K.L.:
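First, the structure itself, so that you have it in front of you.
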Amino acid sequence: SNAGFDLNFVRGDSFVDDDINQTKKGEKAEVVDPDMVISEGILKKYRGAQQNLEIPTTVHTIASGAFHSNNDICTITIPYSVRDIEKSAFAYCENLEYATIENGVKEIGEWAFVNCKKLRSITIPDSVINIGQYAFQGCSALATAQLSNAMTVIEEGTFFACKLLTSVSFPKKLKTIKKMAFKDCK
C-alpha cells in the first residue's frame, strides 16, 4: 500500500525503516517507490510484489541481485537513464515475461537474466556494448533475440539452454561467438 507516501519524489538522509535501509551512514537515499532501495542512483534492492514495474529515471545502475528470485514481476521497463545492469540483477525471476530495455544501457552483466523461464523475447538496444557470460542462460521460453549492432562479441553461454530460441538478429559488426553461446537452443 502506498497510502500517505509521495511516490513522485522524496529525498532524505537515510531510510527510516531499518529493514530496507542499505545505505551507509551519511549517504543520501532517494525513495521513489517504498519497495525500492536506491542510493546515489543505484537501485540496490527491490522488495515489492508488483507485477508490472517501471524503474525510475533517477536510476543509472541496477545492482547485482537487485531483483534476484522475485517471482511477482511479470513486466519490467528499464529506462534510458540506466547505464549498467549488473550481474544476476534479474536472475531467477521466473515469472518475468517481458523486459523492455531502452536505449541508454551500455552493459548487461553476466547471469543478469539467468533462468527467467517465462521471458519470451528480448531486444537489446544499440547502446549496449557488452552482454556478460550466461546472461540469458535457461530462459527456456525465449524465442527471439534482437542484439545490439554495437556488439562485436557474443560471450560464452549467453543463450545457453534457451530451448525455444529460433530467431536471432545478429549485430552487423559481430566478430566472435564464444563457446556454448547457443548450446541447447533449437
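A quick note: this is a predicted structure, and the numbers were derived from the prediction, not measured.
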K.L.:
Who passes side-chain contact (heavy atoms from CB on, under 4.5 Å) against Leu164, sequence neighbours left out?
P.N.:
Lys186
K.L.:
If you round to the nearest 0.5 Å, how far is CG of Leu53 from CG of Asp35?
P.N.:
9.0 Å
K.L.:
Let me confirm one number: the OG1-CZ distance from Thr158 to Phe182, rounded to the nearest 0.5 Å.
P.N.:
7.0 Å
K.L.:
First locate atom OG of Ser148, then atom NZ of Lys173, and finally report the distance between them rounded to the nearest 0.5 Å.
P.N.:
9.0 Å
K.L.:
Show every donor-acceptor pair shorter than 3.5 Å between a side-chain atom in residues 123-141 and any protein atom, with sequence neighbours excluded, or say none if there are none.
P.N.:
from: Asp126; atom 1: OD1; to: Asn149; atom 2: N; distance (Å): 2.8
from: Ser127; atom 1: OG; to: Asn103; atom 2: OD1; distance (Å): 3.2
from: Ser127; atom 1: OG; to: Gly104; atom 2: N; distance (Å): 2.7
from: Ser127; atom 1: OG; to: Val105; atom 2: N; distance (Å): 3.3
from: Ser127; atom 1: OG; to: Val105; atom 2: O; distance (Å): 2.7
from: Asn130; atom 1: ND2; to: Glu107; atom 2: OE1; distance (Å): 3.3
from: Tyr134; atom 1: OH; to: Glu156; atom 2: OE2; distance (Å): 2.7

K.L.:
Does anything in residues 64-93 pair up under salt bridge (charged side-chain N to carboxylate O under 4.0 Å, His left out), and if so which pairs, sequence neighbours excluded?
P.N.:
none
K.L.:
Using modelled atom types only, decide if a donor and an acceptor are shared between the side chain of Asn95 and the backbone of Lys118 within a distance under 3.5 Å.
P.N.:
no
K.L.:
What are the two closest non-hydrogen atoms of Met151 and Ile154, and how far apart are they?
P.N.:
CE-CG1, 4.3 Å
K.L.:
If hydrophobic clusters are built from ILVMFWY residues whose side chains come within less than 4.5 Å, do Leu43 and Ile85 share one?
P.N.:
yes
K.L.:
Output yes when a side-chain donor or acceptor of His60 lies under 3.5 Å from a complementary backbone atom of Glu40, and no otherwise.
P.N.:
yes
K.L.:
Looking at every non-hydrogen atom in both residues, tell me the closest pair between Pro79 and Thr57 and how far apart they are.
P.N.:
CB-CG2, 3.9 Å
K.L.:
Kindly compute the distance separating CE (Met36) from OG1 (Thr58), expressed to the nearest 0.5 Å.
P.N.:
8.5 Å
K.L.:
Looking at every heavy atom in both Leu96 and Cys116, which two are closest together, and how far apart are they?
P.N.:
CD2-SG, 4.2 Å
K.L.:
Could you report the tightest heavy-atom contact between Ala181 and Glu155, atom names first, then the distance?
P.N.:
CB-O, 3.7 Å
K.L.:
Working to the nearest 0.5 angstrom, can you tell me the gap between Ile55 CD1 and Ile78 CD1?
P.N.:
6.0 Å
K.L.:
Using a strict 4.0 Å threshold on nitrogen-to-oxygen distance, state whether Glu97 and Arg120 make a salt bridge.
P.N.:
yes
K.L.:
Tell me the closest heavy-atom pair linking Ser81 and Pro56, and the distance in Å.
P.N.:
OG-O, 3.9 Å
K.L.:
Got a second to check how far Phe113's CZ is from Leu119's CG, nearest 0.5 Å?
P.N.:
7.0 Å
K.L.:
List the atom of Val59, the atom of Thr61, and the distance in Å for their closest heavy-atom pair.
P.N.:
CG1-O, 3.3 Å
K.L.:
What do you reckon, is OH of Tyr92 surrounded by more than 12 foreign heavy atoms closer than 6.0 Å?
P.N.:
no
